[in-house]
Protein chains: 2
Amino acid sequence: MKHLNRLISGIFLITLPWIVSGQGSEWTEVAAGVWKIKAGNPDDFDLFKAAQIKPSLEALTKLGNSPFPLKPEKINIQIIDGQTYLRFPLEKEEKIFGFGLNFKSVYQRGRIMELHVDHYGGTDNGKTHAPVPFYVSDLGYGVFINSSEYIKVYAGTGVRKSSRDSPEEKDRNTDRSWSAQPYSDAVEILVPSGGVEVYVFAGPTMLDAIRRFILYSGGGPLPPRWGLGFTQRVPTLYTSSQVEGEAKEFEKRGFPLDFIGLEPGWQSRSYPCTLEWDTIRYPDPPAFIRTMDEMKIRLNLWTNPYISSRSSLYNRIVPFTGSHTVWGGVVPDLTIREAMEIFSDHINKKQINIGIGGYKIDECDGYDNWLWPDVATFPSGKTAVQLRQTYGLLLQRMTTDLFRRHNLRTWGLVRASNGGGSSFPYVIYNDYYSHEDFITALINSGYSGVLWTPEVRSSRTAEEWLRRFQTVCFSPMAMINAWSSGTKPWSFPEVEEDIKRYALLRMELMPYLYSEFAKYHFEGTPPFRGMNLEPGFDFKTTTELRNTDQEENPYNEAVIKEIKDQYMTGEYLLIAPLFTGQKSRKVVLPQGKWYDFYTGEFAGEGEVITVTPGLSVIPVYVKDGGIIPMMKPSLHAPGSGEKYDIEVRHYGTRESSYLLYDDDGETFNYEKGIYSWRELKVTKSKKGEMSGSVSAAEKGKPDNIGKITWKFMTGR
Amino acid sequence: MKHLNRLISGIFLITLPWIVSGQGSEWTEVAAGVWKIKAGNPDDFDLFKAAQIKPSLEALTKLGNSPFPLKPEKINIQIIDGQTYLRFPLEKEEKIFGFGLNFKSVYQRGRIMELHVDHYGGTDNGKTHAPVPFYVSDLGYGVFINSSEYIKVYAGTGVRKSSRDSPEEKDRNTDRSWSAQPYSDAVEILVPSGGVEVYVFAGPTMLDAIRRFILYSGGGPLPPRWGLGFTQRVPTLYTSSQVEGEAKEFEKRGFPLDFIGLEPGWQSRSYPCTLEWDTIRYPDPPAFIRTMDEMKIRLNLWTNPYISSRSSLYNRIVPFTGSHTVWGGVVPDLTIREAMEIFSDHINKKQINIGIGGYKIDECDGYDNWLWPDVATFPSGKTAVQLRQTYGLLLQRMTTDLFRRHNLRTWGLVRASNGGGSSFPYVIYNDYYSHEDFITALINSGYSGVLWTPEVRSSRTAEEWLRRFQTVCFSPMAMINAWSSGTKPWSFPEVEEDIKRYALLRMELMPYLYSEFAKYHFEGTPPFRGMNLEPGFDFKTTTELRNTDQEENPYNEAVIKEIKDQYMTGEYLLIAPLFTGQKSRKVVLPQGKWYDFYTGEFAGEGEVITVTPGLSVIPVYVKDGGIIPMMKPSLHAPGSGEKYDIEVRHYGTRESSYLLYDDDGETFNYEKGIYSWRELKVTKSKKGEMSGSVSAAEKGKPDNIGKITWKFMTGR
């Protein structure tokens with residue numbers, strides 16, 4: 001790859017006497033459009049090392065070359081007294097996004113954060129479940145700080161004496177234009193370490209920069225097909241027969257169900273955990289798992305990683321654990337290979353070997369009063385902070401690798417992740433239960449290379465229940481988490497049919513969603529993402545609009561303001577949820593024509609519309625030319641090799657095409673090329689009549705698609 | 001002093017290979033009951049250095065010797081990879097207090113904090129205006145971490161594998177006694193520095209440990225007598241003639257007034273500041289100050305320390321300023337002597353020389369979005385963090401020293417302080433405006449060696465106005481801050497007379513308050529403090545009570561729970577404020593008899609009473625034998641050498657005595673011994689009749705007290 005290892009010269013690394021200069025103090029292109037610099041002496045442990053990333057170099061090459069996206073001389077890196085000071089420039093109108101799983105804000109310029117793996121506490125201050133040290137700019141580049149320290153970020157707040165764009169000094173006594181927060185022209189970052197690796201990702205678009213970040217981390221995970229089905233988590237003390245009863249009830253009532261989550265009660269002891277079956281509630285796990293398997297239901301097991309002294313794992317793991325306990329359980333130092341192997345061996349024998357499909361890994365995020373303190377020490381010599389920032393990554397890697405040994409994909413839940421974890425088949429969740437903020441988190445997940453589920457737990461009203469359910473169906477994991485509430489999809493009879501309809505719509509969308517996840521894996525495109533990543537969204541792209549004043553065109557104002565209550569699912573679907581109490585809402589439709597998903601009717605273009613969809617409907621819009629491959633409503637995902645018919649919907653009036661992904665849906669054989677992309681193509685005759693065609697699967701490649709029918713949703 | 005430099009041997013400083021061992025790795029007694037250890041290589045800048053403390057060694061000697069109050073082998077200090085790990089033991093029932101100006105909690109055991117000078121944001125997480133790294137234990141000792149880093153504190157939360165008091169492991173699935181926060185037997189502290197100085201202060205009582213901490217910091221400040229009078233801060237754009245008008249209005253209406261605070265508008269520009277008079281609003285400052293002085297009104301000037309380029313100070317100070325600006329103003333590096341001198345020189349010439357009495361130093365606390373970022377650098381080479389943690393101290397020291405050059409005391413307001421700052425004549429304030437939490441802060445100020453005012457700004461109702469006013473009269477600074485609201489004491493006419501009565505009561509109490517402040521200075525006893533410091537408060541001291549169950553005696557429960565809504569003012573007065581909406585409240589009266597301040601009636605002893613005082617009254621109780629010297633209601637504090645009559649009130653039935661302090665009330669001559677303590681003594685005749693006597697002032701010592709009358713408040 002000829003573009004690799006090109007050097008950017010002119011790097012502005014001030015080398016004052018007290019500055020330790022890094023060995024490779026120049027930006028090195030390490031993959032197409034990915035540059036790295038090593039400043040000072042970085043810690044010997046970092047996020048990428050914790051995740052053991054395997055960059056998707058070929059996919060990056062396919063994305064193409066792009067010049068270094070910043071002026072290197074405007075980047076400043078200094079190491080002073082054992083700390084690394086970083087500064088990246090900001091232009092006047094530039095917007096930045098990212099810095100992990102924020103719940104309240106999408107625009108990050110002007111924010112101050114300490115990136116700290118933590119329970120989200122209601123403020124976007126860097127303490128969150130995935131405080132990924134990555135940001136992207138709408139000027140089309142991304143920056144990643146590869147550090148497992150607590151990183152302090154000033155995202156356009158600090159004003160330097162020496163700044164070329166110094167704001168004008170004003171007198172607060174008399175000048176009404178005085179501002180408490182004068183203009184800042186830089187992102188400034190403090191890494192409490194004597195060095196750090198920094199990466200810059202080129203565009204040209206913001207989405208390209210995100211793609212490069214995700215591909216460099218190994219690409220997004222490809223879920224097993226069943227992972228995209230519906231999942232129910234049962235009350236914590238359920239027994240195996242109650243779980244079987246639950247599955248039967250779903251079947252009987254006609255609700256889809258692909259996997260069931262068992263909560264702490266499956267274990268003989270929890271908080272701390274034995275990671276062993278409770279012999280009363282689960283007398284015969286292998287038989288139970290077989291029974292469930294026959295019903296086409298996988299099982300997912302809750303756990304936290306703190307090991308009880310009553311576990312057979314305890315004596316083996318205890319030499320590799322930290323100084324402090326969590327709920328009395330020991331904390332494995334998973335940076336030690338042997339600790340990871342002992343832990344893996346235990347869960348492999350007890351659970352994975354007998355057919356468990358995945359885990360929900362809880363409590364690896366904090367909060368402070370529960371987790372090990374920063375004064376804890378670990379046998380590897382890594383600090384408590386390094387372990388805290390990476391524990392979610394380490395647990396994901398351990399379990400992912402274990403399933404890989406079985407050549408089986410998994411799809412799980414995790415409460416903490418971080419930069420480098422993009423490729424892990426885990427969806428983040430938490431206890432914070434604001435529906436609105438859950439949607440903002442879904443948007444932000446797309447900027448940070450992680451996945452997030454706005455899980456449904458309980459609701460005060462049928463309205464809230466349905467509104468929450470509608471959105472979780474357009475998320476990486478369609479889940480009810482009834483561990484404490486005991487809710488079922490039919491808990492509110494007055495909306496039971498609506499719930500069922502959306503649960504089944506989720507199943508119908510599986511070919512589309514699966515293809516979009518394949519694009520996440522192969523191309524780095526996040527399947528759930530914010531409006532600012534839509535090409536037609538930014539009004540600046542349309543000269544006419546730029547010249548129109550905002551009173552005349554409210555769209556301008558809408559796209560300047562944060563949009564944090566609508567998002568894209570895959571290439572074509574725009575989801576605009578309603579929240580409890582809302583009867584109508586505004587929807588910002590980007591440039592280009594948009595159509596109602598349910599009816600195919602034209603909805604608008606480059607404008608703000610107000611919709612009153614009724615409680616039964618979550619507004620969904622499709623981009624002009626949108627092609628949505630759908631399967632029949634079904635209670636379970638197609639199994640490996642199982643044929644399924646599809647109906648391909650086309651929206652709008654444009655000719656277009658869509659790539660439909662297919663493979664066995666369960667194994668890693670796709671990594672050996674055993675998958676197919678089939679082109680769904682819509683053309684228009686001279687008379688304006690639409691017709692669809694599909695390319696054949698390559699010989700010897702997966703071909704699970706049965707009958708294909710076409711449905712042109714928008715009349716002429 | 002023979003007790004100095006005794007060494008405690010047996011210090012348990014583990015010296016594993018990776019641990020940098022300190023030079024003086026033993027506890028050294030540096031003053032009576034004060035031990036110090038130097039672990040590793042501490043930063044060459046710390047809180048005590050910033051404050052330039054002058055320990056009151058003689059007063060400490062007077063407090064007496066006391067053995068090292070902890071088992072040294074239970075203290076663990078390690079330095080690992082450039083960070084210092086500290087661990088101090090906790091006993092089962094031990095309570096700890098302190099860690100600075102917390103607003104919501106009094107008991108600190110179980111809290112996790114990062115001590116960080118900051119605007120208080122509504123959570124006791126260490127981010128506050130005075131995050132003093134000092135705690136005291138009810139077992140009678142104190143610990144101080146002399147560091148200007150952000151210190152992480154786990155005050156009894158972490159549980160170590162190796163703990164001797166490990167909590168029992170429990171199964172959350174089935175054991176209802178499972179707890180999310182198992183028992184912890186240690187305070188653990190992480191200092192992000194390769195070494196640190198730690199101090200331990202002996203008791204025997206908790207109050208003694210606090211006294212030692214304060215005395216080691218130089219003793220509390222002795223205010224000028226006028227500092228204890230009433231102060232009004234005027235609207236920001238007031239002119240000199242408006243200020244004169246305000247003073248006249250106070251006089252006319254019969255409201256006391258000792259000093260007026262001028263807000264930003266006195267300066268020619270603010271945010272950033274010129275620290276120069278605005279020539280339109282204040283055309284002739286010397287004449288204005290003289291006029292005010294004739295009216296017995298001092299002036300206090302608001303400022304922040306960020307210097308405008310339009311100030312004549314700018315060019316001189318700019319070489320000594322940090323990399324970043326605040327509101328466009330430069331940030332003087334006040335750790336550089338020259339910077340401090342240039343700054344001092346400017347304000348001396350422009351303000352102090354012409355008679356200004358003090359400053360209100362704003363915005364030296366944060367919050368993050370305003371202050372210099374942690375990535376800022378300073379010409380001294382000190383870090384942004386070190387400057388942040390000490391900026392309030394540095395500003396207090398600079399101004400205190402400047403007034404001292406004039407041999408004049410000052411009394412001011414500051415928004416940030418820290419450990420070591422106890423001796424500075426400054427009272428902390430902030431924008432947070434919860435009346436309840438302001439009282440909790442007042443209580444906590446007493447545990448941390450700082451002063452706090454629950455200032456009154458505005459109120460929605462007359463009730464709130466009066467309730468707030470009642471409490472601020474029992475605080476270090478009786479103030480209305482009307483900079484924005486323009487309120488006056490008489491703003492709510494329906495309670496004007498009540499307000500006036502409390503303003504005048506404040507003046508009447510001046511001899512008592514002044515004496516209590518003298519005890520703060522000479523003996524280290526905080527004049528405002530929490531109930532847990534009252535000798536008769538803890539039920540453990542009374543065997544009978546310990547053996548009584550809580551249903552029978554609610555006092556037991558009351559003293560186990562946090563008491564954060566009542567406090568002591570000086571030796572004898574217990575203040576129990578009511579808050580808006582409250583018609584009645586519970587008051588916890590410690591062991592020993594208590595009497596109503598207003599009537600002298602017996603109120604209770606070692607019990608919880610419920611009182612319904614009416615809006616006009618703030619409940620105040622006096623300890624049995626309480627002697628309260630009061631002067632006549634008066635509009636101004638007595639001037640230097642001015643005689644004043646006192647009425648001495650005695651409460652209860654005990655014989656007792658009280659030390660009344662006297663000096664010139666304005667200068668530092670008391671440091672040369674020019675002060676007097678006079679004993680007020682109450683004796684009982686055989687018939688049980690009370691009488692009072694007073695010792696004469698020593699010859700040549702101040703004697704400003706005129707006629708003394710006695711009032712025995714409690715009948716037989």
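Residue numbers start from 1 in every chain, and the chains themselves are labelled A, B, ... in the order their sequence lines are given, proteins ahead of strands.
B:R160 has its side chain out of reach of A:S323: every pair of non-hydrogen atoms, C-beta onward, lies at least 4.5 Å apart. Two residues are said to be in side-chain contact when any heavy atoms from C-beta on lie closer than 4.5 Å; A:E114 and B:D374 fail this criterion. Within the 4.5 Å cutoff, side-chain heavy atoms of A:R281 are placed close to those of B:N173. Residues A:T325 and B:E169 form no side-chain contact, since every pair of their non-hydrogen atoms from C-beta on lies 4.5 Å or further apart.
Chain A forms more heavy-atom pairs under 4.5 Å with one residue of B:S309, B:P192, B:G329, B:S163 than with any other, namely B:S309. Taking chain B as the reference chain and counting heavy-atom pairs below 4.5 Å, the highest number among A:K152, A:Q181, A:Q267 is found for A:Q181. No other option in A:A180, A:P167, A:G110 has as many heavy-atom pairs under 4.5 Å with chain B as A:A180. The residue among A:G158, A:S162, A:P272 with the most heavy atom pairs within less than 4.5 Å of chain B is A:P272. If you tally non-hydrogen atom pairs under 4.5 Å between each of A:L190, A:T123, A:V159 and chain B, the highest count goes to A:V159. Of the listed residues A:S270, A:G328, A:G82, the one with more heavy-atom pairs under 4.5 angstrom with chain B than any other is A:S270. Counting heavy-atom pairs closer than 4.5 Å to chain A, the top-ranked of the candidates B:T321, B:T236, B:L86, B:T383 is B:T321.
Residue B:S268 touches chain A through its backbone alone, counting heavy-atom pairs closer than 4.5 Å. Proximity to chain A is limited to the side chain of B:P182, based on heavy atoms less than 4.5 angstrom apart. Contact of B:V375 with chain A is made through backbone and side chain together, with heavy-atom distances under 4.5 Å. Residue contact with chain A, scored on non-hydrogen atoms closer than 4.5 Å, is absent for B:A384. Interface residue A:I189: only backbone heavy atoms are found under 4.5 Å from chain B. Contact of B:Y367 with chain A is made through the side chain alone, with heavy-atom distances under 4.5 Å.
Distance NZ/A:K382 to CG/B:D81: 11.0 Å, rounded to 0.5 Å. Separating the OG atom in B:S308 from the CZ atom in A:R172 is a distance of 15.0 Å, to the nearest 0.5 Å.
Ring-plane geometry between B:W178 and A:W327 is classed as tilted, the angle between the planes lying from 30 to 60 degrees on a 0 to 90 degree scale.
Between the side chains of A:N369 and B:T157, no donor-acceptor pair is found at a separation under 3.5 Å.
Here the closest heavy-atom approach between residue A:R269 and residue B:D171 is recorded as CA-OD1, 3.2 Å. Residues B:K161 and A:G322 come closest through the heavy atom pair CE-O, 3.0 Å.
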